[in-house]
> 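I am attaching a structure below and will ask some questions about it afterwards.
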Amino acid sequence: MRRPVLAANWKMHMTAGETVALAKKILPCQERAGEADIVICPPFTSLAPACSVFQGTGLQVGAQNMHWEDSGAFTGEISAPMLKEIGCTHVIIGHSERRQLFGETDAAINCKLKAALRHGLIPIFCLGETLEQREAGTTQEVCAHQLEQGLAGIQSGDLAKTIIAYEPVWAIGTGRTASPEDAQAVISFIRRELGKKHSHFADQVRILYGGSVKPENIDGLMAQQDIDGALVGGASLDADSFSKIVNYGGAEQ
Ligand code: PEP
């Protein structure tokens, strides 16, 4: 039985002050932390304030990116030890916005995944196809390639700690969600691909769906056999929506 993960990607939203206000509003989500991992990923400047509001609650904090080196002449970058020191437990790696807008390559993503694992941060490794690739019928090929390149050299024990987020690019921030069946089809394909190299561990890896997840569609997604949770962008900026997503399946608020 894989433990569900509900992760919030706040992207470049929320000042430190706004973070404290929103974090306080979602504190009741801690009631669900016994059954699911709930991870909030605010911008860098809001990580420490979020860690302090959530301390002792079971709600966890993740960054949205990091550099693979521990320190050095890398102006503007943040390292895994810096994130660990302030209390982060997770880090999103390879989000499509970083791939598309900031030129992040599979090789860089692989270095970041290894560095996160080396420092005991749980990576949320994002992958997924564009609309063009889906329409060309290359979804599986694209996902298999990103998976293989991103996870190159990562041992099975570390893979089991890694969270994968399947995020079709055409569904991110567009209001257009993959149907639960379409998401399940790609996610079960990803699990089968993992099984080729890591046969005993593929069943342990948590694989999330991300792309316009809302209170209205979370139940259908979570009912799928291979979908272990969600990475939520827009809807996570609203305390009520995010709480409903965390309490999917009619759990008490
Ligand atoms: C995301 O940012 O990872 C995401 C899935 O965004 P949205 O939920 O807004 O589509």
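Whatever order the structure lists ligands and atoms in, that order sets their numbers, starting from 1.
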> Is there at least one pair of N or O atoms, one from G211 and one from ligand 1, spaced under 3.5 Å apart?
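Between G211 and ligand 1 (N or O atoms, distance only) the closest approach is not under 3.5 Å.
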> Keeping T138 on the side-chain end and Q133 on the backbone end, is there a donor-acceptor pair under 3.5 Å?
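Side chain of T138 to backbone of Q133: a pair is present.
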> What part of I172 sits under 4.0 Å from ligand 1 if we count only heavy atoms: the side chain, the backbone, both or neither?
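Near ligand 1, I172 shows its backbone as well as its side chain.
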> Report yes or no: does H95 have a heavy atom closer than 4.0 Å to ligand 1?
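Heavy atoms of H95 do come under 4.0 Å of ligand 1.
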> Could you give the distance from OH (Y209) to CG (D182), rounded to the nearest 0.5 Å?
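These two atoms lie 9.0 Å from each other.
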> Polar contacts were defined as any N/O atom of the residue lying under 3.5 Å from an N/O atom of the ligand; does this apply to V232 and ligand 1?
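No; the residue has no nitrogen or oxygen that sits under 3.5 Å from a nitrogen or oxygen of the ligand.
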> Below 4.0 Å from any atom of ligand 1, is there a heavy atom belonging to A235?
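It does not; every heavy atom stays at 4.0 Å or beyond.
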> Out of I38, L22, L237, which one pairs with F242 under the side-chain contact (heavy atoms from CB on, under 4.5 Å) rule?
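Option passing the side-chain contact (heavy atoms from CB on, under 4.5 Å) with F242: I38.
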> Using modelled atom types and a 3.5 Å cut-off, is there a donor and acceptor pairing between side-chain atoms of S199 and backbone atoms of G195?
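Between the backbone of G195 and the side chain of S199 there is no qualifying donor-acceptor contact (under 3.5 Å).
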> Can you pull out the closest protein heavy atom to atom 5 (C) of ligand 1? Residue, atom name and distance to 0.1 Å, please.
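For atom 5 (C) of ligand 1, the nearest protein heavy atom comes out as E167 OE2, 3.1 Å.
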> State whether the side chain of Q146 and the backbone N or O of G128 hold a donor-acceptor pair below 3.5 Å, judged by distance alone.
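Yes; at least one donor-acceptor contact below 3.5 Å.
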> Of all the heavy atoms in A165, does at least one lie under 4.0 Å from an atom in ligand 1?
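No; A165 lies far enough from ligand 1 that no heavy-atom distance drops under 4.0 Å.
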> Under the 6.0 Å and 45° cation-pi test, does R192 pair with F189?
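No; the conditions do not both hold, so R192 does not lie above the ring face of F189.
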> Return the residue, atom name and 0.1 Å-rounded distance of the protein heavy atom closest to atom 8 (O) of ligand 1.
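Of the protein heavy atoms, G233 N, 2.8 Å lies nearest.
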> Test your reading of the structure: does E97 have an N or O sitting under 3.5 Å from an N or O of ligand 1?
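Looking only at distances, the answer is no, because the N/O contact criterion of under 3.5 Å is not met.
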> Check whether any N or O atom of L231, backbone or side chain, sits under 3.5 Å from an N or O atom of ligand 1, and answer yes or no.
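No - when backbone and side-chain N and O of L231 are compared with those of ligand 1, no distance drops under 3.5 Å.
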